[in-house]
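Following: one structure in structure tokens, then a few remarks.
Chain letters run A, B, ... following the sequence lines, proteins first and then strands; every chain starts at 1. Computation of the quantities below employed the complete heavy-atom set of this structure, encompassing side-chain atoms and omitting hydrogens, waters and symmetry-equivalent molecules.
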Amino acid sequence: MRGETKMHDCRRTKERLIDLVFDEATGTDALRAEVAACPTCRAELRALEETMRTYQRATDAASPSEDSWAGYQARLAARLQIVELEHHSPQASSASSTTQLAPLTNLSNAPTVRSASFASRFVGALKATWRIPAPAAVAAALLFMCLAAYALRPAPAPVAVEPPFARLDAPVQVLTVEVPVVTERVVTRTIYVPREANARDASMARVMRDEAARRAPGARGDEQPVPAANTLVGFRPAADVRLRFIKGNYANEK
Amino acid sequence: MRDETLTSETELIARARGGDRAAFSALAALYGRRVHTLALHYCRDASDAEDLSQEVWLRAFRSLDTFRAESSFYTWLRRIAINAFLNERRAARPHAEESSRDEDDEATETTTARAFDAESALHEKLLVARVRGALSELAPQQRLAFVLKHEEGMTYEEIARELSCSTGTIKKAVARAVAKLRLRLCVEMEEASDAANDATQLNALAARESY
């Protein structure tokens with residue numbers, strides 16, 4: 001509420017109310033008088049004080065009971081003992097060795113040996129613990145188990161690899177395999193046809209040639225003897241030449 | 001009496017620095033409750049608070065050689081506690097999203113554990129859960145500033161010095177904490193406010209009648 005007094009400003013006063021709650025403000029009396037004159041600021045201050053009273057009631061309710069302090073002290077003493085064993089054992093051992101050399105030396109006044117021995121450091125390293133997240137620990141354990149299983153897996157059976165010539169002392173067996181080879185061969189034959197001969201003479205000459213070829217078995221067609229009738233005497237080239245090309249292997253050769 | 005206490009404290013500190021664990025335990029018995037209360041108001045639950053407060057004592061035990069008696073032992077110890085609180089991840093993690101669930105859980109636990117005084121116990125537990133829910137919505141530094149102000153009665157300047165920030169920041173943090181608490185506890189505040197108003201009106205009426 002504005003205008004309660006001449007210089008009063010509720011918003012600015014409310015910002016300073018927290019100082020009244022904790023008795024922090026300088027000029028507290030003037031502020032209290034100003035708040036007392038304004039119902040709104042007074043209600044606000046009352047609400048803040050009630051908040052802190054409720055908070056105090058809650059913290060009282062949450063505070064541990066008197067019986068729990070004995071257990072708390074016992075647990076703290078146990079943790080202190082562990083810390084003392086971790087950090088003071090090297091000094092104690094060093095002090096005891098010093099005592100053997102100088103029995104009159106007071107242990108509490110003995111100089112502290114800062115450098116820990118290698119054995120104590122090793123023992124400390126064995127007792128060292130690290131806090132790591134549970135998922136990371138599980139993942140590390142699984143990885144370790146997988147690596148261990150991989151390292152300890154049974155060795156695979158050796159695979160028998162036969163050399164290409166395993167038995168060199170075996171008798172050599174020679175096999176002949178006929179492999180048909182396709183080649184090309186050009187057969188050329190020249191046919192001489194006497195122009196003056198008539199068809200009867202020509203047919204007669206052909207019959208004689210075939211008969212001669214039949215009488216000479218094993219002879220190839222191109223190697224048969226030329227009959228006497230087929231001489232070059234009186235030869236004249238034919239008007240047309242008929243060529244026939246036969247392509248194929250030996251079996252199909254004609 | 002105070003001189004005797006200081007003498008005994010100084011003697012305990014000297015013995016503890018010499019390696020006397022019993023003397024250090026005696027110091028812990030002297031200030032243990034105070035440190036634990038700080039941790040209890042800063043942390044989310046009692047187990048975290050016990051861990052954190054004991055961690056403070058362990059740190060103090062390890063670094064007892066660094067105590068120079070330039071300040072009181074408790075001031076030195078409180079500085080260790082502040083560092084431990086701010087460095088503690090569990091205490092610094094946000095719990096705002098868990099606060100409402102915690103209220104239900106704690107209420108359920110209370111009803112099952114204390115059937116004989118169910119209503120008051122439930123009321124207290126809900127109150128504590130609301131307070132913790134409100135504080136958990138604050139940043140760790142803001143929460144710590146409020147706890148130091150409320151529990152330790154430190155001035156804004158002292159808190160600012162300890163937390164290495166400005167006085168204005170501390171003042172805003174405390175005001176924000178109170179505002180959060182007020183928001184969470186608004187039902188009871190309204191009831192209390194109404195009751196206070198009623199009481200004021202009754203007193204006014206009685207004064208008027210007496211005239």
Side-chain angles (χ1 to χ4, degrees), chain A residues 14-19 21-26 39 42-66 68-88 91-92 95 106-110 112 131 133, chain B residues 15 18-22 24-25 28-29 32-33 36-37 40-41 45-46 49-50 53-55 57-58 61-62 65 120-121 123-132 134-135 146 149-151 153 155-156 171-172 174-175 177-179 181-186 188-193 196-197:
Chain A
K14 283 179 181 177
E15 289 177 355
R16 298 179 60 196
L17 289 180
I18 194 71
D19 299 336
V21 173
F22 290 105
D23 292 328
E24 178 77 22
T26 56
R42 202 167 57 239
E44 182 75 10
L45 177 62
R46 196 165 55 233
L48 292 179
E49 289 173 343
E50 180 60 26
T51 300
M52 295 313 298
R53 275 194 295 273
T54 309
Y55 171 73
Q56 185 62 49
R57 202 163 68 238
T59 54
D60 291 343
S63 62
S65 63
E66 291 293 329
S68 64
W69 282 109
Y72 176 86
Q73 293 291 343
R75 288 188 290 275
L76 178 58
R79 294 183 70 176
L80 282 174
Q81 188 175 8
I82 293 172
V83 172
E84 187 180 31
L85 288 174
E86 287 177 352
H87 293 273
H88 292 280
Q91 296 180 5
N106 188 359
L107 283 179
S108 60
N109 294 328
T112 306
R131 280 187 177 182
Chain B
R15 283 169 52 194
D20 188 349
R21 187 163 53 86
F24 190 82
S25 297
R33 186 186 294 261
H36 184 62
T37 302
L40 198 62
H41 292 167
D45 53 37
E50 178 169 333
S53 61
Q54 293 195 355
E55 178 65 26
W57 284 107
L58 296 182
F61 185 70
R62 291 190 192 104
D65 290 339
S120 61
H123 182 74
E124 283 185 355
K125 285 288 184 182
L126 284 174
L127 192 63
V128 172
R130 283 176 184 170
V131 166
R132 285 178 177 162
L135 293 182
F146 172 74
K149 183 66 183 168
H150 181 260
E151 293 299 321
T155 63
Y156 292 141
K171 190 174 179 180
K172 285 180 183 175
V174 173
V178 175
L181 286 170
R182 183 182 177 185
L183 191 65
R184 283 275 183 161
L185 304 172
C186 58
E188 295 184 10
M189 279 180 53
E190 286 175 1
E191 290 172 357
S193 180
N197 287 334

For the [atom1] atom of [X] and the [atom2] atom of [Y], what is their distance to the nearest 0.5 Å?
| X | Y | atom1 | atom2 | result |
| --- | --- | --- | --- | --- |
| B:H150 | A:T59 | NE2 | OG1 | 6.0 Å |
| A:D60 | B:E124 | CG | CD | 9.5 Å |
| B:R33 | A:Q73 | CZ | CD | 9.0 Å |
| A:R75 | B:Q54 | CZ | CD | 6.5 Å |
| B:T155 | A:D23 | OG1 | CG | 13.0 Å |
| B:Y156 | A:D19 | OH | CG | 4.5 Å |

**Asked** So do B:H41 and A:Y55 actually touch side chain to side chain, heavy atoms under 4.5 Å?
**Response** yes

**Prompt:** Should A:L76 and B:S53 count as side-chain neighbours, where that means a heavy-atom distance under 4.5 Å?
**Reply:** no

**Asked** Is the A:Y72 ring parallel, tilted or perpendicular to the B:H36 ring (thresholds 30°, 60°)?
**Response** tilted

**Request:** Could you please spell out the steps behind the side chain to side chain contact (heavy atoms under 4.5 Å, CB included) verdict for A:R79 and B:E55?
**Result:** CA-CA 9 Å; A:R79 294 183 70 176; B:E55 178 65 26; 3.8 Å; yes

**Message:** Taking side chain as everything from C-beta outward and backbone as N, CA, C, O, which of these in B:A46 sits under 4.5 Å from a heavy atom of chain A? Side chain, backbone, both or neither.
**Reply:** neither

**Prompt:** Is it the backbone or the side chain of B:V178 that comes under 4.5 Å from a heavy atom of chain A, or both, or neither?
**Reply:** both

**Asked** Do you know which two heavy atoms are closest between A:A58 and B:L127, and how far apart they sit?
**Response** CB-CG, 3.8 Å

**Fill in**
Looking only at heavy atoms, the pair that brings B:L40 and A:A62 closest together is CD2-O, 3.4 Å

**Prompt:** Is the shortest side-chain N to carboxylate O distance from A:E44 to B:R182 below 4.0 Å?
**Reply:** yes

